[in-house]
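Note that the coordinates shown come from a computational prediction; the quantities given were computed from them, not determined experimentally.
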Amino acid sequence: MTPFRLLFVVGARPNFMKVAPILRKLRGEASLFQWRLVHTGQHYDAAMSDVFFQQLGIPKPDDHLGVGSGSHAQQTAAIMAAFEPLVLDWRPDLVVVVGDVNSTIACALVAAKLRTRVAHVEAGLRSFDRDMPEEINRLLTDQLSDLLFTTEESALTNLSAEGIAPEKIHFVGNVMIDTLLTHLDGARARGVPAQYGLTPGGYAVLTLHRPSNVDDDRAFERLMTALAEIARDATLVFPVHPRTRPVISRSAVAASLIGDGRLQLLDPLGYLDFLGLMSDSRAAITDSGGIQEETTVLGIPCLTMRENTERPVTISHGTNRLVGTDPDRIVAGWREVRDQHGPARVPPLWDGHAASRIVEVLRREAGERDGAPVADRTAALHEVAS
Ligand code: UD1
């Protein structure tokens, strides 16, 4: 039997922790699977990319597309143009994309047009807010996918409402949590808070990078006024995404908080340092998607400075609370978690075994290919190539 060929795609920081556990599970399966890893280069700084490969034990990518930054159309188009020849050349049985970044939709679209099957890891999450580019990426990627691996029960409801056939959907749990549980002890052992002069429980971790929060000076300054209140109770430690750097340098409130030591700016951290820092914090304050999930499993309160979340299980089961972007609401949310926060429940299947469940489904796929008319798909590829 010829090995089943899997072409994995990563591009941006939140993708790396999602593929790592799947690739680890595929080791030792060489007789059944052959796989290749493509890095689109959407994120290219060492601190946004290379350090994750080293720390998570992800093999060096077989192909690096080096697309870099640009407008959404430019970035998506550059990824598509560079990815298409790889699919034509290597002819995977399945292209595996993760998350909701531009690399996800770009590669799913290329594969679907070449009649190559697509698997989407972290399918079905919906914020119902098309102002977020990620929402558009999620909707379209799921429409194009043949296998949809979901992390929480809301995804099945969302996908069913969009007409996705239930047999394509596999509730496998959360691969990000596989990665977290694998690395938590090692991350804590690094003693990260002490490296920055922080006392466990005495600081809150802040991350901000959503365009709606950081591309507009006035919107950012409103958030900073709320954060200044919070900083009276806990030092704010802020690993800064490259997108966010310019707006901070123009913020008067940030300058004053930095001046009196209540806001500490850091460069983007590697996976282990960030996890170590977060796991000993009093709370996380964020607009990220992944941090809502990680804090849920760590039992650390999370204030999400957004009006919606595509991850409702982090609220129904976890420690997450949506505080929006109104300063009064943010401060009120902080006071509630500061004074009291109840125990969280870990959502179903966030147990460290999501990647095993995915590989189990992939094994079935491989089995089915060998009983199915693969020739049809190969013919379609030839047609496009000629
Ligand atoms: C992207 C994802 C977002 C994810 C985030 C995590 C999309 C639409 N958005 O947003 O879902 O939560 O990554 O980080 O795909 N930059 C650098 N160095 C880098 C990468 C980016 O300096 O290594 C700068 C670029 O100048 C760019 C800006 O950061 O203009 C934004 O990068 P981009 O990949 O376009 O989107 P993110 O905001 O990072």
Side-chain angles (χ1 to χ4, degrees), residues 5-27 33-70 72 75-76 78-87 90 92 94-111 116 118-123 125 133-134 137-138 141 144-145 147 149 151 172 174-180 182-183 209 241-242 268 270-272 274 288-290 293-294 354-355 358-359 362:
R5 291 178 161 218
L6 299 162
L7 185 54
F8 287 89
V9 176
V10 290
R13 184 170 63 178
N15 294 160
F16 307 133
M17 38 289 216
K18 292 171 193 165
V19 298
I22 308 175
L23 297 183
R24 193 167 339 103
K25 285 287 164 220
L26 287 175
R27 280 187 214 141
F33 297 109
Q34 195 178 3
W35 60 265
R36 218 176 154 85
L37 178 63
V38 180
H39 189 332
T40 65
Q42 177 175 346
H43 285 178
Y44 42 85
D45 287 351
M48 297 292 284
S49 178
D50 302 359
V51 63
F52 290 82
F53 279 74
Q54 291 149 18
Q55 295 191 340
L56 302 179
I58 306 171
K60 199 167 163 301
D62 299 283
D63 305 281
H64 202 297
L65 308 183
V67 298
S69 304
H72 282 266
Q75 193 175 57
T76 309
I79 296 167
M80 289 179 69
F83 185 64
E84 185 181 52
L86 288 183
V87 180
W90 199 60
L94 188 70
V95 168
V96 184
V97 296
V98 302
D100 57 13
V101 300
N102 287 342
S103 303
T104 311
I105 175 59
C107 296
L109 184 51
V110 167
T116 300
V118 177
H120 183 204
V121 176
E122 201 186 81
L125 298 180
E134 293 82 358
N137 295 343
R138 292 181 199 115
T141 302
L144 298 171
S145 294
L147 291 176
F149 294 115
T151 54
V172 292
N174 194 329
V175 279
M176 281 240 311
I177 303 306
D178 290 12
T179 297
L180 184 149
T182 302
H183 293 284
H209 76 283
H241 188 286
Y271 183 79
L272 297 177
F274 188 75
S288 149
E293 298 184 338
E294 290 167 337
I358 288 174
V359 171
L362 296 178

Asks: Carefully, step by step, assess H183 and L56 under the rule side chain to side chain contact (heavy atoms under 4.5 Å, CB included).
Replies: CA-CA 8 Å; H183 293 284; L56 302 179; 3.6 Å; yes
Asks: What's the shortest heavy-atom distance between H64 and G41, and which atoms?
Replies: CE1-CA, 3.5 Å
Asks: Taking all non-hydrogen atoms of both residues into account, name the closest pair between P133 and H72 and its distance.
Replies: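 Where P133 meets H72 most closely, the heavy atoms are CB-CE1, 3.5 Å.
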Asks: Indicate yes or no: at least one non-hydrogen side-chain atom of I79 is less than 4.5 angstrom from one of I105.
Replies: no
Asks: Show, in sequence, the C-alpha distance, side-chain angles and deciding distance for V9 and T40, and conclude whether the side chain to side chain contact (heavy atoms under 4.5 Å, CB included) test is met.
Replies: CA-CA 7 Å; V9 176; T40 65; 4.0 Å; yes
Asks: Counting distance only, does the side-chain N/O of N174 pair as donor-acceptor with the main-chain N or O of M176 below 3.5 Å?
Replies: yes
Asks: Starting at OG1 of T76, measure out to CG of N137 and round the result to the nearest 0.5 Å.
Replies: 6.5 Å
Asks: Closer than 4.0 angstrom, basic N to acidic O: yes or no for D62 and R36?
Replies: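 Not counted as a salt bridge, because no side-chain N and carboxylate O are separated by less than 4.0 Å.
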Asks: Would you find a donor on one side and an acceptor on the other, under 3.5 Å apart, between the side chain of Q75 and the backbone of G68?
Replies: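 Confirmed, Q75 side chain pairs with G68 backbone.
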Asks: Identify the heavy atoms of P268 and R13 that sit nearest to each other, and give their distance.
Replies: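 Of all heavy-atom pairs spanning P268 and R13, the closest is CB-NH1, 3.8 Å.
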Asks: Using 30° and 60° as the class boundaries, would you call the ring planes of F52 and F16 parallel, tilted or perpendicular?
Replies: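 F52 and F16: tilted rings.
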Asks: Could you state the interatomic distance from CG (N102) to OG (S69), rounded to the nearest 0.5 Å?
Replies: 10.5 Å
Asks: Taking W90's backbone N and O only, do any of them form a donor-acceptor pair with R5's side chain (distance below 3.5 Å, no angle check)?
Replies: yes
Asks: To the nearest 0.5 Å, how far apart are CE in M48 and NE2 in H43?
Replies: 4.5 Å
Asks: How far apart are the C-alpha atoms of V175 and V98, what are their side-chain angles, what is the distance that settles it, and do they pass the side chain to side chain contact (heavy atoms under 4.5 Å, CB included) test?
Replies: CA-CA 10 Å; V175 279; V98 302; over 6 Å; no
Asks: Are the side chains of P59 and L23 in touch, meaning some heavy atoms are under 4.5 Å apart?
Replies: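 A side-chain contact exists here, since the closest heavy-atom pair is under 4.5 Å.
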Asks: Can you check whether A354's main-chain N or O pairs, donor with acceptor, with D178's side chain at less than 3.5 Å?
Replies: yes
Asks: List the atom of Q42, the atom of V67, and the distance in Å for their closest heavy-atom pair.
Replies: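 Minimum heavy-atom contact is N-CG2, 3.9 Å.
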Asks: Knowing that exactly one of V97, V10, D100, V121 qualifies, which makes a side chain to side chain contact (heavy atoms under 4.5 Å, CB included) with N15?
Replies: V10
Asks: How long is the gap from CZ on F274 to CE on M17, to the nearest 0.5 Å?
Replies: 9.0 Å
Asks: Side chains of W35 and I22: closer than 4.5 Å at any heavy-atom pair?
Replies: no
Asks: Starting at NE2 of H39, measure out to CG of D63 and round the result to the nearest 0.5 Å.
Replies: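 Going from the NE2 atom of H39 to the CG atom of D63 covers 12.0 Å.
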Asks: Does the side chain of L362 reach to within under 4.5 Å of the side chain of L147, using non-hydrogen atoms?
Replies: yes
Asks: Side chain to side chain contact (heavy atoms under 4.5 Å, CB included) between L26 and L6: does it pass, once the steps are laid out?
Replies: CA-CA 10 Å; L26 287 175; L6 299 162; 3.8 Å; yes
Asks: Between T182 and P21, is there a side-chain heavy-atom distance shorter than 4.5 Å?
Replies: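 With C-beta onward as the side chain, the pair stays apart.
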Asks: Is P61 close to F8 at the side-chain level, that is, under 4.5 Å between some pair of heavy atoms?
Replies: no
Asks: How about V95 and V110: do any of their side-chain heavy atoms sit closer than 4.5 Å?
Replies: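 No, too far: nothing below the 4.5 Å cut-off.
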Asks: Restricting to non-hydrogen atoms, name the atom on H120 and the atom on S145 that form the minimum distance, rounded to 0.1 Å.
Replies: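 Scanning both residues, the minimum pair turns out to be CB-OG, 3.4 Å.
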Asks: Hey, could you give me the OG1/CG distance between T116 and L7, rounded to the nearest 0.5 Å?
Replies: 9.0 Å
Asks: Please report the shortest heavy-atom distance between T104 and G99, naming the atom on each side.
Replies: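 The pair with the smallest heavy-atom distance is CG2-O, 3.3 Å.
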